[in-house]
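All remarks here apply to the structure that follows.
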Amino acid sequence: QVQLVESGGGLVQAGDSLRLSCAASGRTFSTYAMGWFRQTPGKEREFVAAIPWSGGNIYYADSVKGRFTISRDNAKNTVYLQMNSLKPEDTAVYYCAAGPVLATRGDEYDYWGQGTQVTVSS
């Protein structure tokens, strides 16, 4: 069982940066692939980035490639999403998720956080 708690969201202006954190409980955190997704009202959940449990490929959505960076610290049971050059279209609730395999589909993940709101003003 893994419990996830996101933090770091807020209101920023276009061009600013934010770093989201996702703290996980459970001793098996280091064995899970971790992903970030986002959702706005009336739209489907959208994949943002994913990182394997150790090494290997990292995936990014085309819309955030070059601006966002996902990383993890297994010693701290935490995954991060560094978001630079934010745009108004990045406004959404951001969720972290944990799953057994690296994936871009939300249904591949078993555990989800409660989400943190990111609002980017123009």
- Could you give the distance from OG (S7) to CG (L20), rounded to the nearest 0.5 Å? 8.0 Å

- Task: Inspect the surroundings of CD in E89 and state if more than 12 heavy atoms from other residues, nucleotides or ligands are less than 6.0 Å away.
- Result: yes

- Item | side-chain contact (heavy atoms from CB on, under 4.5 Å) between T116 and V93, worked out | CA-CA 5 Å; T116 185; V93 177; over 6 Å; no

- Query: Would you say the side-chain atoms of E6 pair up with the backbone N or O of C96, donor to acceptor, closer than 3.5 Å?
  - Reply: yes

- Task: Give the C-alpha distance, both sets of side-chain angles, the deciding distance and a yes or no for side-chain contact (heavy atoms from CB on, under 4.5 Å) between V48 and Y60.
- Result: CA-CA 6 Å; V48 175; Y60 292 99; over 6 Å; no

- L86-F47 co-clustered via ILVMFWY side chain contacts under 4.5 Å: no

- Query: What heavy-atom pair brings T104 and Y59 nearest, and what distance separates the two atoms?
  - Reply: CG2-CD1, 3.7 Å

- Message: Going by the rule side-chain hydrogen bond (donor to acceptor under 3.5 Å, both in side chains), which residues pair with Q39 if we only count those two or more places apart in sequence or in a different chain?
- Response: none

- Note on the structure: Nearest heavy-atom contact between T40 and T91 is CG2-O, 2.9 Å

- Task: Could you tell me which non-hydrogen atom of A50 sits nearest to which non-hydrogen atom of A103, and how far apart they are?
- Result: CB-O, 3.6 Å

- Write down the atom of A24, the atom of V2, and the distance for their closest heavy-atom approach. CB-CG1, 4.1 Å

- Distance-only, no hydrogens or angles: does the S21 side chain make a donor-acceptor pair with backbone N or O of Y80 under 3.5 Å? no

- Given the rule in the side-chain contact (heavy atoms from CB on, under 4.5 Å) test, do R19 and L81 qualify, once you have shown the distances and angles that lead to the verdict? CA-CA 6 Å; R19 189 177 80 157; L81 185 68; over 6 Å; no

- Query: Which ring-ring contact (aromatic ring centres under 6.0 Å, His included) pairs, counting each pair once, include a residue from residues 93-122, with sequence neighbours left out?
  - Reply: Y32-Y111, F37-Y109, F37-W112

- Message: Main chain of Q117, side chain of R38: is a donor-acceptor contact present, judged purely on distance under 3.5 Å?
- Response: no

- Task: Take M83 and T69 through the test side-chain contact (heavy atoms from CB on, under 4.5 Å) and record every step on the way to the result.
- Result: CA-CA 7 Å; M83 306 186 295; T69 302; over 6 Å; no

- Message: For D90, is there an ion pair with K87 - N to carboxylate O distance below 4.0 angstrom?
- Response: no

- Query: Between CD of Q114 and CD of Q3, what distance do you get to the nearest 0.5 Å?
  - Reply: 11.0 Å

- Could you tell me whether the side chain of S122 reaches within less than 4.5 Å of the side chain of Q13, counting heavy atoms only? no

- Between the side chains of S17 and N84, is a donor N or O closer than 3.5 angstrom to an acceptor N or O? yes

- Message: With a 3.5 Å distance limit and no angle check, can you tell me whether T78 reaches the backbone of K76 through a side-chain donor-acceptor pair?
- Response: yes

- Looking only at non-hydrogen atoms, find the nearest pair between S71 and V79 and report the distance. O-CG2, 3.0 Å

- Message: As an exercise, state the distance from CD1 of I51 to CD1 of I58, rounded to the nearest 0.5 Å.
- Response: 4.0 Å

- 4.5 Å side-chain heavy-atom contact, M34 and L4: yes

- Query: Of all heavy-atom pairs between D110 and P100, which one has the smallest distance, and what is that distance?
  - Reply: OD2-CD, 3.3 Å

- Message: Strictly distance-based, threshold 3.5 Å: is any side-chain N or O of N74 a donor or acceptor partner for the main-chain N or O of W53?
- Response: yes

